[in-house]
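Hydrogens, waters and symmetry mates play no part in the numbers below; they use all other heavy atoms, side chains included.
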Amino acid sequence: MSTASHGDNGPEPDERRQRGLKKMSEVYGWEFSDGPGAHFAVTADHLFADIWSRPGLSIRDRRLLLLGALTAQGLFDIAEIQLGAALRNEELDAEQLREIALFLCHYVGWPAGTTLDQKVGKVIAQERQK
């Protein structure tokens with residue numbers, strides 16, 4: 001079936017999945033392969049193939065927004081993944097990550113910003129050991 005036969009439904013499902021997997025690999029800095037289930041499908045096909053791939057914001061811009069949202073929600077384990085990816089992908093350096101944590105202290109609360117700063121320190125140390 002060609003993309004044209006889908007009408008307004010967008011690209012072939014396999015093409016969309018491949019775009020999503022490629023963007024996931026770009027965002028996180030490691031290779032992603034296809035996964036099972038509806039949750040993975042929505043993550044790859046919608047979140048990464050469509051949302052992370054939209055024009056107008058860079059991956060760095062999206063990562064900054066995501067770090068703020070994750071910190072505000074107290075989701076520090078997920079923030080740690082984002083911090084590591086930002087550092088590995090050279091979107092943000094150690095000094096900038098520290099500055100983000102300090103900045104967020106003033107908007108999401110000192111405990112949350114401090115916890116993010118601790119995660120920053122952990123990620124920096126891990127990356128330096130590689």
Side-chain angles (χ1 to χ4, degrees):
M1 185 185 298
S2 72
T3 302
S5 69
H6 276 299
D8 290 338
N9 293 334
E12 291 272 351
D14 289 343
E15 177 188 326
R16 190 174 184 204
R17 177 65 49 86
Q18 291 309 309
R19 259 195 7 250
L21 293 171
K22 182 179 176 187
K23 183 57 78 172
M24 289 171 79
S25 297
E26 182 183 353
V27 167
Y28 290 105
W30 66 75
E31 196 65 30
F32 277 86
S33 58
D34 207 354
H39 183 18
F40 187 87
V42 171
T43 300
D45 299 349
H46 178 66
L47 180 59
F48 285 93
D50 296 342
I51 303 304
W52 275 83
S53 298
R54 289 177 55 81
L57 294 174
S58 67
I59 290 175
R60 181 183 186 273
D61 295 338
R62 293 173 200 282
R63 180 120 40 224
L64 288 167
L65 292 165
L66 185 51
L67 283 168
L70 293 170
T71 303
Q73 295 177 75
L75 300 172
F76 300 107
D77 290 344
I78 299 168
E80 187 175 332
I81 295 167
Q82 298 300 324
L83 293 166
L87 202 55
R88 279 189 307 279
N89 292 345
E90 298 180 345
E91 298 159 0
L92 298 161
D93 62 27
E95 185 178 325
Q96 290 170 319
L97 293 176
R98 293 280 192 196
E99 189 64 28
I100 289 166
L102 181 60
F103 180 79
L104 287 174
C105 281
H106 294 83
Y107 287 93
V108 300
W110 211 264
T114 300
T115 302
L116 183 66
D117 187 65
Q118 291 167 348
K119 294 292 186 178
V120 167
K122 178 181 175 184
V123 167
I124 291 168
Q126 288 171 339
E127 289 300 315
R128 286 184 179 154
Q129 290 177 353
K130 291 182 180 180

Closest approach of Phe48 and Gly20, non-hydrogen atoms and distance?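 Closest heavy-atom pair between Phe48 and Gly20: CB-O, 3.6 Å.
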Nearest 0.5 Å, please: how far is [atom2] in [Y] from [atom1] in [X]?
X      : Y     : atom1 : atom2 : answer
Leu47  : Ser53 : CG    : OG    : 9.0 Å
Phe40  : Arg17 : CZ    : CZ    : 6.5 Å
Glu127 : Leu83 : CD    : CG    : 10.5 Å

Mind running side-chain contact (heavy atoms from CB on, under 4.5 Å) on Leu57 and Leu65 for me, showing each step along the way? CA-CA 10 Å; Leu57 294 174; Leu65 292 165; 4.0 Å; yes
Checking [X] now: which residues fulfil side-chain hydrogen bond (donor to acceptor under 3.5 Å, both in side chains) with it, not counting sequence neighbours?
X     : answer
Ser33 : none
Arg62 : none
Arg60 : none

Lys/Arg N to Asp/Glu carboxylate O, Arg98 vs Glu95, below 4.0 Å: no
Quick one: are [X] and [Y] in side-chain contact, heavy atoms under 4.5 Å?
X      : Y      : answer
Leu66  : Trp52  : yes
Asn89  : Arg63  : yes
Val123 : Val120 : no
Thr71  : Ile100 : no
Asp117 : Leu102 : no

Taking salt bridge (charged side-chain N to carboxylate O under 4.0 Å, His left out) as the test, write out the residues that go with Asp93, two or more places apart.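 Checked Asp93 against salt bridge (charged side-chain N to carboxylate O under 4.0 Å, His left out); zero matches.
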Among Arg88, Lys23, Gln82, which residue meets the side chain to side chain donor-acceptor pair (under 3.5 Å) test with Tyr28? Gln82
Can you tell me if Tyr107 has over 12 outside heavy atoms packed within less than 6.0 Å of its OH? no
Pairs meeting criterion salt bridge (Lys or Arg N to Asp or Glu O under 4.0 Å) with involvement of residues 76-87, two or more places apart: Asp77-Lys119, Glu80-Lys119, Glu80-Lys122
Please walk me through it: do Arg54 and Asp50 pass side-chain contact (heavy atoms from CB on, under 4.5 Å)? CA-CA 6 Å; Arg54 289 177 55 81; Asp50 296 342; 5.7 Å; no
ring-ring contact (aromatic ring centres under 6.0 Å, His included) against Phe76, all qualifying residues, sequence neighbours excluded: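 For Phe76, no residue satisfies ring-ring contact (aromatic ring centres under 6.0 Å, His included) once neighbours in sequence are set aside.
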Classify the side-chain pair Asp61/Ser58 by whether it contains a donor and acceptor separated by less than 3.5 Å. yes
Do you reckon Leu70 sits in the same ILVMFWY cluster as Ile81, going by side-chain contacts under 4.5 Å, direct or chained? yes
In terms of hydrophobic clusters joined by side-chain contacts under 4.5 Å, are Val27 and Val42 together? no
